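Notes to accompany the following structure.
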Amino acid sequence: MSPDTEANKFLYKQLGNNPLTTLNYAMTLVILSAMVMWWGYYSYFGVRLYNFLLNKPLSFRKFFRKELKPNMAIIYVIILISVVARLYAINLGIYGYAQSSKTLSENIAIALVINSAGQLINFSLILIAIKFFKEGFNFNYRLTLTLIVLIELYFGLISGMKSAVIFPVAILFICYYLVHKKIHKGFIVGTVLLLIAAYVIIEPFRILRMKDPNFQSSPGYIASTMLDAYSLNKSRKIVYGNEDVFSSIVSRNNYLINAAMAIDFADNSGLDTQSPDFLEKIYTVPFQAFIPRVIWRSKPIEDFGAWFSVVVWGGTPTTSVAMSPIGFLYFAGGLVAVIIGFFVFGVMQKVVWNFYKGGGGQILVYFGFLSSVILIDSSINGTLVGWIRNFPVFIILQAFLLKK
């Protein structure tokens, strides 16, 4: 491989003298992970775990509502709470990309409560979308659905998170497909347009926000910064340079190089005492899920992206770089950890699908876990903690959102 082109120079700089060997190995692990995940899905473990949760000895089945009957009064209360909670989070400076690490650490308990309140509206959106697509025109459902989508698009945009902008339409796409067993082209177009808009507006906003020493966390200042960032990027190309938006979207969502860099670093440089203990963060997951930080002062902090950016990627601590789930698992235990980890994800995919087949309130649990088993996050321990912590929360939510 000749190091003449700019792309090749980048790979040689990041991956050493044998970038193709490392990339090939990383791609092999990607293929192996997919196969292992498929194996986990079709094993008996998924069915057994689902039966263990719903039947004896745990017997959670009795807590689930049998039918999807929305409690509209509760849903409108949730909409109000989610709006107020997120406005309060913005005012505190702990919402989305406008947050500062110092402010967040000072208000971490409040941030968790506010984040949970903000997530309530997602379940309301799912429930109303399913009912609307099943029953056709219903003015109450249509009005509520429109209101929630507009609210989510607004807060998703000012959060500075591209996924938050796309999420509402993605929910509509999935709900429509599950109800009608066919794809609605309008939702595909809407998702693509929102994705482009998110990259055009949010990426330059992030850069301008980090460079603005007088940045204020308020809806008005955030919106003003986004407009300034969009105008600046349009004239000076501060984000994409000569790249078109589509090329940038594809390149920014390709984590093969990130995984390869993690593998190369683990094999050739190795983790030292200053590096995160990835294996410890996995086997202490049950404790992370239930022991509060007030009691466990050294409780792990999700700072892997900043560490990876500085130590492995060679970037700055203000940037968070995803190492990919393969990278995290490889740091935790090499090839063995990758195989075990993706087998577990395959098992969980089967468990989640069984919840959908269970109908009624179980459908909301299905949607609650869906993104975590499809869009596998780089922070594996965070995902595992979420599975343990959120399951009882989802049971309580469906009981409140649905009528008996």
Side-chain angles (χ1 to χ4, degrees), residues 10-19 21-23 25-26 28-30 32-33 99-109 111-112 210 255-345 372 376-389:
F10 170 79
L11 289 178
Y12 270 91
K13 178 183 177 181
Q14 301 292 344
L15 298 176
N17 295 324
N18 297 299
T21 301
T22 307
L23 284 170
Y25 183 53
T28 301
L29 288 189
V30 170
L32 176 63
S33 299
Q99 70 186 11
S100 67
S101 57
K102 179 181 178 181
T103 308
L104 182 62
S105 62
E106 293 173 351
N107 299 276
I108 187 65
L112 291 173
M210 298 305 297
Y255 294 108
L256 180 61
I257 291 179
N258 303 45
M261 290 178 63
I263 293 169
D264 180 70
F265 186 87
D267 288 344
N268 298 315
S269 298
L271 301 175
D272 56 26
T273 55
Q274 302 300 316
S275 302
D277 190 335
F278 293 90
L279 182 58
E280 180 189 36
K281 292 180 188 299
I282 291 179
Y283 67 69
T284 59
V285 159
F287 306 103
Q288 295 175 48
F290 297 114
I291 301 178
R293 196 172 298 278
V294 176
I295 299 175
W296 186 4
R297 294 291 183 179
S298 61
K299 188 175 180 177
I301 300 174
E302 302 299 311
D303 58 351
F304 310 114
W307 172 84
F308 191 77
S309 172
V310 174
V311 178
V312 181
W313 192 267
T316 62
T318 58
T319 303
S320 181
V321 178
M323 66 186 71
S324 81
I326 288 178
F328 185 104
L329 290 168
Y330 200 84
F331 278 135
L335 178 61
V336 174
V338 172
I339 293 174
I340 294 175
F342 277 89
F343 181 85
V344 170
F345 273 98
S372 68
I376 303 174
D377 195 84
S378 294
S379 176
I380 297 296
N381 71 307
T383 300
L384 298 177
V385 167
W387 288 350
I388 297 172
R389 184 185 290 162

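Remember, predicted model here, so these are calculated numbers, not experimental data. What's counted below: heavy atoms across the whole structure, side chains too, no hydrogens, waters or symmetry copies. Residue indices begin at 1 and follow the sequence shown.
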Could you state the interatomic distance from CD1 (I376) to OG (S324), rounded to the nearest 0.5 Å?
10.5 Å
Sorted by chain and residue number, the side-chain contact (heavy atoms from CB on, under 4.5 Å) partners of L271 (sequence neighbours excluded) come out as F265, S275, F278, W307, F331
Separation between CZ (F345) and CG (L329), nearest 0.5 Å, reads 7.5 Å
Say you draw a straight line from CD1 of I388 to CD of Q288; how long is it, rounded to the nearest 0.5 Å?
9.0 Å
For P286 and F290, work out which heavy atoms get closest and say how close.
O-CD1, 3.3 Å
Can you list the steps and then say if F287 with V385 is a side-chain contact (heavy atoms from CB on, under 4.5 Å)?
CA-CA 9 Å; F287 306 103; V385 167; over 6 Å; no
Looking only at heavy atoms, what is the nearest atom pair of A262 and M323, with distance?
CB-O, 4.5 Å
Work out which heavy atom in P325 is nearest to a heavy atom in D377; give both atom names and the distance.
CB-O, 3.7 Å
Could you state the interatomic distance from OG1 (T383) to CD1 (I282), rounded to the nearest 0.5 Å?
10.5 Å
Any sub-3.5 Å donor-acceptor pair from D264's side-chain atoms to A260's backbone N or O?
no
Gap between atom OH of Y25 and atom CG of L335 - 0.5 Å precision:
5.0 Å
Which atom pair, heavy atoms only, marks the closest approach of S372 to W387?
OG-NE1, 2.9 Å
CD1 of I326 to CG of N258: how many Å apart, nearest 0.5 Å?
11.0 Å
